[in-house]
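Everything numeric here is computed off the predicted structure, so don't read it as measured data. Chain naming here is simple, since letters A, B, ... match the order of the sequence lines and numbering starts at 1 in each.
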There are 2 protein chains.
Amino acid sequence: MATIKDVAQRAGVAPSTVSYVLSGSRKISEDTRIAVRAAVEELGYHPRASARTLRSARSHVLALAVPRVPGKYRGTDGTFAIDISDAARGHGYDVVLITDLAGVAAMRRVAGSGMADAAVLMAVEEHDARAAALRETGFPAALLGRSEDAPGLPWVDLDWEAAVALALRETVAAGHRRIVFLSSAEHEISARRGYALHGLAGARLAARESTADIRIVPSSGEPEKLGRALREALAARPAPTALVVQHLILLPHLLDEIAAAGLRVPEDLAVVLVGSFPDDVGGRPLPRIELPVTEMSAAVVRLAVGAVGTDGSVPSGEQPPHRLIAPRMATGSAIRPPSEPSS
Amino acid sequence: MATIKDVAQRAGVAPSTVSYVLSGSRKISEDTRIAVRAAVEELGYHPRASARTLRSARSHVLALAVPRVPGKYRGTDGTFAIDISDAARGHGYDVVLITDLAGVAAMRRVAGSGMADAAVLMAVEEHDARAAALRETGFPAALLGRSEDAPGLPWVDLDWEAAVALALRETVAAGHRRIVFLSSAEHEISARRGYALHGLAGARLAARESTADIRIVPSSGEPEKLGRALREALAARPAPTALVVQHLILLPHLLDEIAAAGLRVPEDLAVVLVGSFPDDVGGRPLPRIELPVTEMSAAVVRLAVGAVGTDGSVPSGEQPPHRLIAPRMATGSAIRPPSEPSS
DNA sequence: ACACAATGTCGAATCGATTCGACGAATCGA
DNA sequence: TCGATTCGTCGAATCGATTCGACATTGTGT
């Protein structure tokens, strides 16, 4: 492996000169620059990351803390990881995955070993010990998803309240008068997850401002319970003509239940998804509010990179930097009006 | 941030002694060991990763090259990334994501900068330039998925031939006599992807050895084309009673088509999935052959870690280390026998 | 009592890049 | 022609941990 010395020797200059050519932090004559560049090319030289990091105290690495519920996966997480990595590369950063179940110990290791310059925390939980550990050490971090339990840390989130409200408004605008909103699962609501609470708030807002009949039904993580709640909601008379869904993990099961109830989508029942991404629908032409994964990833990386070199959080009382992303409908997914004019 | 010098000072010993206590590579008296341990604890000392790497030429990092089709995601990839990270931690390694679209340049950067000790390549494509670049530089690597285009590199794969054969055999054993096998998509087959070819081979094998009527139908990445192929296959008379599916990306659409044809699953048509993982079914009780993500991840990490310190590939002619994983049915998913006895 | 081995600890060199101060040569004004 | 600048390059110190050889100190055998 070629080192900076080899390059210097080959170019007939001092190692420091090579460094200056590469970093551009001092004026170097045209001739020398060309000679050094040639030597770099010929030897296929790459600076050793560890040496650079040791000297400069910058690793150009972001640590991405992925939430882990043992034995349970969410495709979304991996998608975010990929997009976050892409965004980080755009800022000259690499991303290392932190998937340890022992989140706190892992965060301490990251902060202590200097293996990363900042952290991105996905899906912050209610009493997130990881965030607390980071604040304690003053390690720079940014959150993907809001959390009242990590005050002072920069965050990014989809505006779930606006997203649900938008979905309901659009459904009403398409002509529907009796709409069921299937919220997040009960356990997510009682765990006070940000997306669950804000989504619910959006539904209440839309219900209040609209003359249409909007019923809010909590979803469930258990297929049977979900099925029961759904059947009950659809059995109301006059029958609802549209279903707006925020809880997408069991979407296939949901559609099975609808089919089992003898309803066709979208002729008998329009189905609108909130916060979904393409994988969710698997080729089905369902209208939906996009989960802007790429945009959220870019934003959270920008915040994390911006926090590098700072003490990681803002004094209590002040607003940390943040970004609340406006929802929008996925292109090419119109909501089907109800078949017979609602009375 | 505490350094080894601080710890040494506090414990009243030389820095080298601290190092020996931590690494255990030399005999140290009980007393000193206790004193050093205490100092480490009190200062919350963590060795600086960059210094360690610089000196020892080992980063204890694996680079995970994620396949990128721009704008296209596969939930599977993220799931593998998480499981690979878990497995790596078990060996004392961290995982950095390499998602660059310019795969070759990224591989060169990884190999040149010493930021990782070995690479794991996911879903190796037909003429994989990344693998070639790695072989060229002699960088240690292991592949997730077989590829004839990366000879000499260690690999891990599900035995897709056995998986498809097993699914068909089990379907026959459940009493089905007329079975449709929906293979990988045409473009995957013509791109000569390993899983597509081996799956097809498994179907042919099962068709040959069984007296049941097994029809092989190629799938498609385009929903409309897939729908046409499926309708045609189901229209055969006497009607098929079971559908074995390897191409899962459009599964929801597939099930819609079945429903649209007026068939109930599984009463009118048993559906069996090959190489799926829980996310695919979203709460549906479909029988399926598991995609052993965790097992594959553990195996590929073991190979990659084993390759650290070697020149990365095996002399041509010799077999590289590899692992072909035997398929098995997911628990709790029996295949429903056909409703009326087949004639 | 004396040579000699074993034990535990230390000092110094090393990994490779960055960066500050210094120094020789070229350039300028008077 | 001489002192003052400016320009381009160099040498050396530095980041923090590892590791080899050396050196006390204690223990063993005769």
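- For B:M1 and D:dG16, the CE to C1' distance is 14 Å, given to the nearest whole Å.
- One finds a salt bridge joining A:R323 and A:E295 here, because a Lys/Arg side-chain nitrogen approaches an Asp/Glu carboxylate oxygen to under 4.0 Å.
- The distance from atom CG of A:L54 to atom C1' of C:dA17 is 9 Å, rounded to the nearest whole Å.
- Between the OG atom of A:S50 and the CZ atom of B:R55 there is a distance of 12.0 Å, given to the nearest 0.5 Å.
- Listed in residue order, the members of residues 21-30 of chain B having a heavy atom less than 4.0 Å from DNA chain C are B:R26, B:K27, B:I28, B:S29.
- Across residues 35-53 of chain A, A:Y45, A:H46, A:P47, A:R48, A:A51, A:R52 each have a non-hydrogen atom less than 4.0 Å from an atom of DNA chain C (numbered order).
- With no hydrogens or angles considered, a side-chain donor-acceptor pair links B:S29 and B:T32 at under 3.5 Å.
- A distance-only check finds no donor-acceptor pair linking the side chain of B:D83 to the backbone of B:F80 [under 3.5 Å].
- Distance, B:D6 CG to D:dC15 P: 11 Å, rounded to whole Å.
- What separates NE2 of A:H60 from P of C:dA17 is a distance of 15 Å, to the nearest Å.
- Taking the six-membered ring where the residue is Trp, A:H322 and A:W155 present parallel rings, their angle staying beneath 30° rather than reaching 60°.
- Here D:dT9 presents its C1' atom at 13 Å from CG of A:D31, a figure rounded to the nearest Å.
- Between the C1' atom of D:dA12 and the NZ atom of A:K5 lies a distance of 12 Å, rounded to the nearest Å.
- Remark: side-chain polar atoms of A:T17 are not paired, donor with acceptor, to backbone N or O of A:V13 under 3.5 angstrom.
- Under the Watson-Crick and G-U wobble criteria, each requiring two contacts below 3.5 Å, nucleotide D:dT18 is paired to C:dA13.
- The shortest heavy-atom contact between A:A8 and A:P15 is CB-N, 3.5 Å.
- The nearest whole Å value for the distance from the CZ atom in B:R58 to the C1' atom in D:dT19 is 16 Å.
- Computed from coordinates, the B:I4 CD1 to D:dT14 P distance equals 19 Å when rounded to whole Å.
- Using a 4.0 Å cut-off on heavy atoms, the residues of residues 7-20 of chain B that approach DNA chain D are B:S16, B:S19, B:Y20, listed by number.
- Judged by distance alone, the side chain of B:R33 and the main-chain N or O of B:I28 form a donor-acceptor pair under 3.5 Å.
- With hydrogens and angles ignored, the 3.5 Å screen pairs a side-chain donor or acceptor of B:D117 with a backbone N or O of B:S59.
- A donor-acceptor contact shorter than 3.5 Å is absent between the side chain of A:S85 and the backbone of A:A81.
- For A:Q9, the CD atom counts as loosely surrounded, since its 6.0 Å shell holds 12 or fewer non-hydrogen atoms of other residues, nucleotides or ligands.
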